[in-house]
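Just the heavy atoms: all of them, side chains too, but no hydrogens, waters or symmetry mates, feed the values below. Just so you know, these numbers come straight off a predicted model, no measurement behind them.
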Amino acid sequence: MVFRSHMDLALEQARAAGARGEVPVGAVLVSAAGEVLAAAGNRTRELSDPSAHAEMLVIRAACAALGSERLTGCDLFVTLEPCPMCAAAISFARVSRLYYGASDPKSGGVAQGPRVFSHPQAHHAPEVYDGIGAAEAEALLRAFFAGLRSPLSN
């Protein structure tokens, strides 16, 4: 099978999240056959739900679409390194491959912080590929947070 990145769709979801006033993070979950099962951006503020991260939303939607709590063979594309909560959900769902863009030194849970997949109690560790679309993902995040600090945004 030929690799096809879906980071472009994840970045589109991140831009839409940013336009809604959410932290601009997007995610796409793809089946083993290459079909997009779910795509979402952060919706924590909109849904008043601290767990409504893009990764959590696509995992829930993909599990519902497949009628299973397991996403074996599936690929997850996300614009930002997953936090510990999302990394744990990725492990529980048995996602096969994780592709992410920007690293998250402050809140990451994969290569930073608790390194969830390296923990002895991790249920499953996906293959991890980082840096895909990182420059654009980082630019979206920088612009979003700069806008929050700007005196014109108040």
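By the 4.5 Å heavy-atom criterion applied to side chains, Cys86 and Met56 are counted as neighbours. Contact annotation: the side chain of Ser103 approaches that of Gln112 to within less than 4.5 Å [non-hydrogen atoms, C-beta and beyond].
The distance from atom CG of Asp8 to atom CZ of Phe77, rounded to the nearest 0.5 Å, is 9.0 Å. For the atom pair OG1 of Thr72 and CG of Leu66, the computed distance is 10.0 Å after rounding to the nearest 0.5 Å. Taking CZ from Arg70 and OG from Ser96, the interatomic distance works out to 12.0 Å, rounded to the nearest 0.5 Å. Atom-to-atom distance recorded for Leu29:CG and Leu57:CG is 11.5 Å, nearest 0.5 angstrom. Considering CZ of Arg60 and OG of Ser51, their distance stands at 4.0 Å, rounded to 0.5 Å. Atom CG of Leu37 is separated from atom CG of Leu76 by 11.0 Å, given to the nearest 0.5 angstrom.
In the hydrophobic clustering of ILVMFWY residues, with side-chain heavy atoms under 4.5 Å counting as a link, Val128 and Phe92 come out apart. Note: the hydrophobic cluster containing Val95 also contains Val116 (ILVMFWY, side chain heavy atoms under 4.5 Å, direct or indirect links). Transitive grouping of hydrophobic side chains (ILVMFWY, heavy atoms separated by less than 4.5 Å) keeps Val23 and Leu47 in distinct clusters. A single hydrophobic cluster is seen to contain both Ile132 and Leu9, as judged by linkage of ILVMFWY side chains at heavy-atom distances under 4.5 Å, directly or through other members.
Between the side chains of Glu55 and His53, no donor N or O sits under 3.5 Å from an acceptor N or O.
The shortest non-hydrogen separation linking Ile90 to Pro126 is CG2-CG, 4.0 Å. The two atoms that bring Gly109 and Ala87 nearest to each other are O-CB, 4.1 Å, heavy atoms only. The shortest heavy-atom contact between Val28 and Ala10 is CG2-N, 3.5 Å. Looking at every heavy atom in both residues, Ala122 comes nearest to Ser91 through C-OG, 4.2 Å. The two residues Phe144 and Pro24 come nearest to each other via the heavy atoms CG-CD, 3.4 Å. When all heavy atoms of Gly101 and Ala134 are compared, the pair lying nearest together is O-CB, 3.5 Å.
Between the side chain of Ser68 and the backbone N or O of Cys63, no donor-acceptor pair lies under 3.5 Å. Panel note: side chain Thr79, backbone Gly26; a donor-acceptor pair is recorded below 3.5 Å. Proximity of a side-chain donor or acceptor of Glu22 to a complementary backbone N or O of Thr44 within less than 3.5 Å is detected. A distance-only check finds no donor-acceptor pair linking the side chain of Arg20 to the backbone of Glu46 [under 3.5 Å]. Looking only at distances, a side-chain donor or acceptor of Glu81 sits under 3.5 Å from a matching main-chain atom of Val110.
The aromatic ring centroids of Phe3 and Tyr129 lie 6.0 Å or more from each other.
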Practice problem: Could you walk me through whether Asp75 and His6 pass the side-chain contact (heavy atoms from CB on, under 4.5 Å) test, one step at a time? | Solution: CA-CA 9 Å; Asp75 295 344; His6 292 272; over 6 Å; no

Practice problem: Would you please test Asp49 and Arg43 for side-chain contact (heavy atoms from CB on, under 4.5 Å) and show each step? | Solution: CA-CA 8 Å; Asp49 179 356; Arg43 292 188 179 277; over 6 Å; no

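In the displayed structure, His123 atom NE2 is contacted under 6.0 Å by at most 12 heavy atoms of other residues, nucleotides or ligands.
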